[in-house]
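So you know, we letter chains A, B, ... as the sequences are listed, proteins then strands, and number each from 1. Just the heavy atoms: all of them, side chains too, but no hydrogens, waters or symmetry mates, feed the values below.
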Protein chains: 2
Amino acid sequence: MIRIDLDSPEPLEDQLCKTLRSAIALREVEQGDMLPSVRQMASDLGIHWNTVARAYRRLQDSGLLSVRRGRGVFVKPIREAAEVDAQTTAKVSESIQETITNARLSGISLSAFRELALSEIKTWEARVS
Amino acid sequence: MIRIDLDSPEPLEDQLCKTLRSAIALREVEQGDMLPSVRQMASDLGIHWNTVARAYRRLQDSGLLSVRRGRGVFVKPIREAAEVDAQTTAKVSESIQETITNARLSGISLSAFRELALSEIKTWEARVS
DNA sequence: GCACACTGTATCTTTGTATGATACAGTAGT
DNA sequence: ACTACTGTATCATACAAAGATACAGTGTGC
């Protein structure tokens, strides 16, 4: 479930953050779950446990994890915002624009992209019920 | 049109590639257009011209630019693929999933995300006619 | 055809960041 | 309080981003 690619040029810490964020968003780990200790997770992934500690701390800083020395690392509840602020919306929009750019430059038409996006959203709706 | 943020932790070269790719995809620069020389562009942006040269070369490697020493840098036509290969589709899907992850963890609902995505696609359709 | 002023290219140096090594500190059970 | 587990802090090293500088191709005017 939590996977990283040791041969990728992308920093291990970034990869780990990304896969953890995905697991949390998809509820593959539930609110309140304790994650493996930094040493255990590092051992599983074949990387240094300090890198895991740094990734955990970053996710703590962004409010996704609760990290307590001596206790462990726990998944915080996903906040469901009734009102989303403009800055967040702008960031997501920018991310969408970047994805469209990549698709267009790969030769994918806008209509094909729309179908792809709607299909992905459907998949998510099914997975998070 | 071509902008970068000198204070961002994101590498200048990556930023420049991204903004150039966007400009090409949106046809803000037309096929066959000559881009500013590496020194001119660097001067405009306030960065070292070697960084611009590296960004140009990367876009050449991905088939977006034609770079000729002594001549200049030119925009190649955007390829419109009739059939898009599975690997490309997979990459775009992954990018969409990552965007959904970020949106969800920011508290944006899936339905709100769908509206945002469709709206962005509409904007693109209008811009590239 | 040569000079010159422009193009991008190649290579080295500097600087910052990712990763790893290792010593530290809080927590809980015995 | 001892012990075995948690995460934290700091330093060392390896690598990559960015800048400095010397090089090489192209076209124009004389």
- Name the one of B:Leu20, B:Leu64, B:Leu65, B:Asp14 that satisfies side chain to side chain contact (heavy atoms under 4.5 Å, CB included) with B:Arg58? B:Asp14
- Task: Starting from C1' on C:dG29, measure out to CZ on A:Arg71 and report it in whole angstrom.
- Result: 13 Å
- Query: A:Arg57 near the nucleic acid: base, sugar-phosphate alone, or nothing, with a heavy-atom cut-off under 4.0 Å?
  - Reply: sugar-phosphate
- Message: Using whole Å, what does the distance between atom C1' of nucleotide D:dT6 and atom CE of A:Met41 come to?
- Response: 15 Å
- Can you find a side-chain donor-acceptor pair between B:Thr99 and A:Ser95 that sits under 3.5 Å? yes
- On DNA chain C, nearest-nucleotide positions of B:Met34 versus A:Leu12: which is more 5'? B:Met34
- With a 4.0 Å cut-off on heavy atoms, is B:Arg68 in touch with a base, just the backbone sugar-phosphate, or nothing at all? sugar-phosphate
- Note on the structure: Closest to the side chain of A:Arg69, out of C:dG8, C:dA25, D:dG19, is C:dA25
- Item | Residues A:Asn102 and A:Glu98: side-chain donor-acceptor under 3.5 angstrom | no
- Task: Please report, rounded to the nearest Å, how far the C1' atom of D:dG7 is from the CH2 atom of A:Trp49.
- Result: 8 Å
- Can you check side chain to side chain contact (heavy atoms under 4.5 Å, CB included) on A:Leu16 and A:Thr51, steps first, answer last? CA-CA 9 Å; A:Leu16 183 51; A:Thr51 303; 5.5 Å; no
- Item | B:Leu35 side chain near B:Phe74 side chain, heavy-atom distance below 4.5 Å | no
- Task: Establish, with yes or no, whether the OP1 or OP2 oxygen of D:dA18 is under 4.0 angstrom from a side-chain nitrogen or oxygen of B:Thr51.
- Result: no
- For A:Glu13 and D:dA14, what is the distance between atoms CD and C1' respectively, to the nearest whole Å? 16 Å
- d(CZ, A:Arg58; C1', C:dT17) in whole Å: 12 Å
- State whether B:Arg54 places a side-chain N or O below 4.0 Å from either non-bridging phosphate oxygen (OP1 or OP2) of D:dG19. no
- Rounding to a whole Å, what distance do you find between B:Gln40:CD and C:dT7:P? 8 Å
- Item | Length of the line joining B:Glu10:CD and C:dG16:P, which is rounded to integer Å | 19 Å
- Note on the structure: In whole angstroms, the gap separating C1' of C:dT14 from NE2 of B:His48 amounts to 12 Å
